[in-house]
Number of protein chains: 2
Amino acid sequence: MGTVSKALSLLGFFSRSRSLIGLSEMARLSRMNKATVHRMLNELQAEGFVEQSGTGREYRLGPALLRLAALREATVPRRDLAQSVVDDLAARTGETAHASFLQGEVLSTITYAYAHQHGLQVTMEDAEILPLHATSSGHVVLAYSDPAFQKAALATALKSYTDSTITDAKLLQAKLADVRTSGFAEALSAFETDVHTHAAPLFDANQACIGALAIAAPAARMTPELRSLIRNALLEAAPRLTRLMGGFLPTDYARKDAAE
Amino acid sequence: MGTVSKALSLLGFFSRSRSLIGLSEMARLSRMNKATVHRMLNELQAEGFVEQSGTGREYRLGPALLRLAALREATVPRRDLAQSVVDDLAARTGETAHASFLQGEVLSTITYAYAHQHGLQVTMEDAEILPLHATSSGHVVLAYSDPAFQKAALATALKSYTDSTITDAKLLQAKLADVRTSGFAEALSAFETDVHTHAAPLFDANQACIGALAIAAPAARMTPELRSLIRNALLEAAPRLTRLMGGFLPTDYARKDAAE
DNA sequence: CTTATCGGTTCACTATATGAACCATTGGTT
DNA sequence: AACCAATGGTTCATATAGTGAACCGATAAG
């Protein structure tokens, strides 16, 4: 590991619960010599990546990060990030993948990808609007949204799209509780008949759920093996996309890295 | 200059107009050896500070910056940043300094500092609301706001606070044009009689004006020397605070680093 | 086929990073 | 007051990690 990596890795020790770190503490955390850490912090400070808080002499993250993050955000649109992950998901699962984001009160699909491995596959429309109560993406967003938003969404009339659409608020609420414990949502024929979908949540920098990553497969093709493949793919890809967009996973978000 | 600083300085070559940089170009820009730059970019990439764009092999800023910037923002409130700059301004000019930010449609003072060098000084109230048309801070914000906002503000009734308050929209519009060319606003007795104020704009990451930094002095104390001192202090401090908050100066913002 | 680029790699050389031991302060305990 | 255990910061002999000219293979243009 080069000196540069070591220095940059120091920044990784800052977190929401540990926003100020002193020299000695940083040396302990990084298991590096105090003198080494001191020189690295000095260099990081010279470039604005850390600064010393006015009061104590402890270090905290610096203003240069804001500059660079703003540039990053300007140069890499969220859509492109989602596209790369969705492409990857479709290739790995052999099924249609899509990413949707909350835009105000509605969930809008901003990108999707087909797998081209089978003749039969679920097709998508550009910029499709997904009903929150009748899609797995919607369920996942509702499950992780703040209570006020969830309540408002459940209070509206729940339109039925298929025989299997959940139109009862109480039933849906129970389902959302399941989603929160398992970390993703599953729906069969809820929005379109014979379409089986899985979805996992996406979060922003404030740990708020802002959208979902989903896989849609023909119900006929669903087997325990495919189901497991899809779940594992989603559980890896959704946190990855969250990270790419600069988001944070909430602490209560169940990480099941080795889901069977 | 240590290796870490050199590596971090590479990030500084990215800008809105140059968001993708290839290895050779980066070597040219930084006047460093290609092999050196390559190794540095590799280390930066390993830590997520840069990444290679899908298409070409060029480098762009990476996702780790978003994570860290979000943490920075969470740990250092804007108010604290403004406070440190305002304290410094008051000490350097010997007059009252304050920082105000747009909150919706009104300009609200979030922090101020007295100099304690003179018996007579301009006093402030906590969380004071400043009228946009009758303060130098307001002028500066209006001058750099988008036309729609400016137009809406000028369309309302312009209340008179003193004999010198500008209440004519046309006159005010002319004044705002001056502010844009000079880079700051000056007002005498516009809001309070015998108070002479100077203000300079503050910008966010989208180069939008979000507030102003101002110095208020008793009119009786204003001399060409003090005026020059205040202007120089503001022209240094305002961009500095903008940078501390992760903002960008607009390209058309007159930088008069050596103002007389 | 030649001649530019490009991104990336190699390896002798040396500049740079390292860390044990060292200050000077600070705050708490006896 | 004296002592101890922290803190942030510094020194300097040692050796590790960084450097850069020259190289490669690929791609594109003339």
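The chains referred to below are lettered A, B, ... by the order of the sequence lines, with proteins before strands, and numbering in each begins at 1.
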Does A:Q52 place a side-chain N or O at less than 4.0 Å from the phosphate oxygens OP1/OP2 of D:dT7?
-> no

Is the B:Y253 ring parallel, tilted or perpendicular to the B:Y144 ring (thresholds 30°, 60°)?
-> perpendicular

Between B:Q45 and C:dG7, does any side-chain N or O lie under 4.0 Å from OP1 or OP2?
-> no

Hey, are B:R72 and A:E51 close enough for a salt bridge, meaning a charged N less than 4.0 Å from a carboxylate O?
-> yes

Take the protein atom CZ of A:R57 and the nucleotide atom P of D:dT10, then report the distance between them rounded to whole Å.
-> 12 Å

Please tell me which of the listed nucleotides, D:dT10, D:dG8, C:dG8, lies nearest to the side chain of B:K34?
-> C:dG8

Residue pair A:E236, A:R92: steps toward the salt bridge (Lys or Arg N to Asp or Glu O under 4.0 Å) verdict | CA-CA 12 Å; A:E236 179 276 326; A:R92 277 161 62 196; 2.8 Å; yes

Rounding to a whole Å, what distance do you find between A:L41:CG and C:dT18:P?
-> 12 Å

Spacing of A:E58 atom CD relative to D:dT7 atom P, expressed in whole Å = 10 Å

Among the nucleotides C:dT16, C:dT9, C:dG19, which one has an atom lying closest to any side-chain atom of A:N33?
-> C:dG19

Go through C:dG7, C:dG19, C:dT18 for me and flag the one nearest to the A:A35 side chain.
-> C:dG19

Select one nucleotide: of D:dG18, D:dA21, D:dG9, the one nearest the side-chain heavy atoms of B:R39.
-> D:dG18

Does NZ or CZ of B:R78 come closer than 6.0 Å to the centre of the six-membered ring of B:F101, within 45° of the ring's axis?
-> yes

Tell me what B:R28 touches on the nucleic acid: a base, only sugar-phosphate, or nothing, going by heavy atoms under 4.0 Å.
-> sugar-phosphate

A:T36 vs C:dA17: side-chain N/O to OP1/OP2 distance below 4.0 Å | no

Distance, rounded to the nearest Å, where B:E43 contributes CD and C:dA17 contributes P | 12 Å

When you get a sec, tell me which of D:dG9, C:dT18, C:dG8 is the closest nucleotide to the side chain of A:M40?
-> C:dT18

D:dG18 phosphate, OP1 or OP2: any side-chain N/O from A:T3 under 4.0 angstrom?
-> yes

When the distance from CZ of A:R60 to P of D:dG8 is rounded to whole Å, what number comes out?
-> 16 Å

Within 45° cone and under 6.0 Å: A:R16 NZ/CZ vs A:F248 ring | yes

Think B:Y59 has a side-chain N or O under 4.0 angstrom from the OP1 or OP2 of C:dG8?
-> yes

Nearest whole angstrom, please: distance from the P of D:dG18 to the CG of B:L44.
-> 12 Å

For atom CG of B:L23 and atom P of D:dG20, their distance in whole Å = 14 Å

Of the candidates C:dT18, C:dA20, C:dC6, the side chain of A:K6 sits closest to C:dT18

Do A:T197 and A:S136 meet the criterion of a side-chain donor-acceptor pair at a distance under 3.5 Å?
-> yes

C:dT9, C:dT18, D:dT7: which one has an atom nearest the side-chain heavy atoms of B:H38?
-> C:dT9

Separation of A:M32 atom CE from D:dG8 atom P, in whole Å?
-> 15 Å

What nucleic acid atoms does B:M26 come within less than 4.0 Å of, heavy atoms only: base, sugar-phosphate, or nothing?
-> nothing

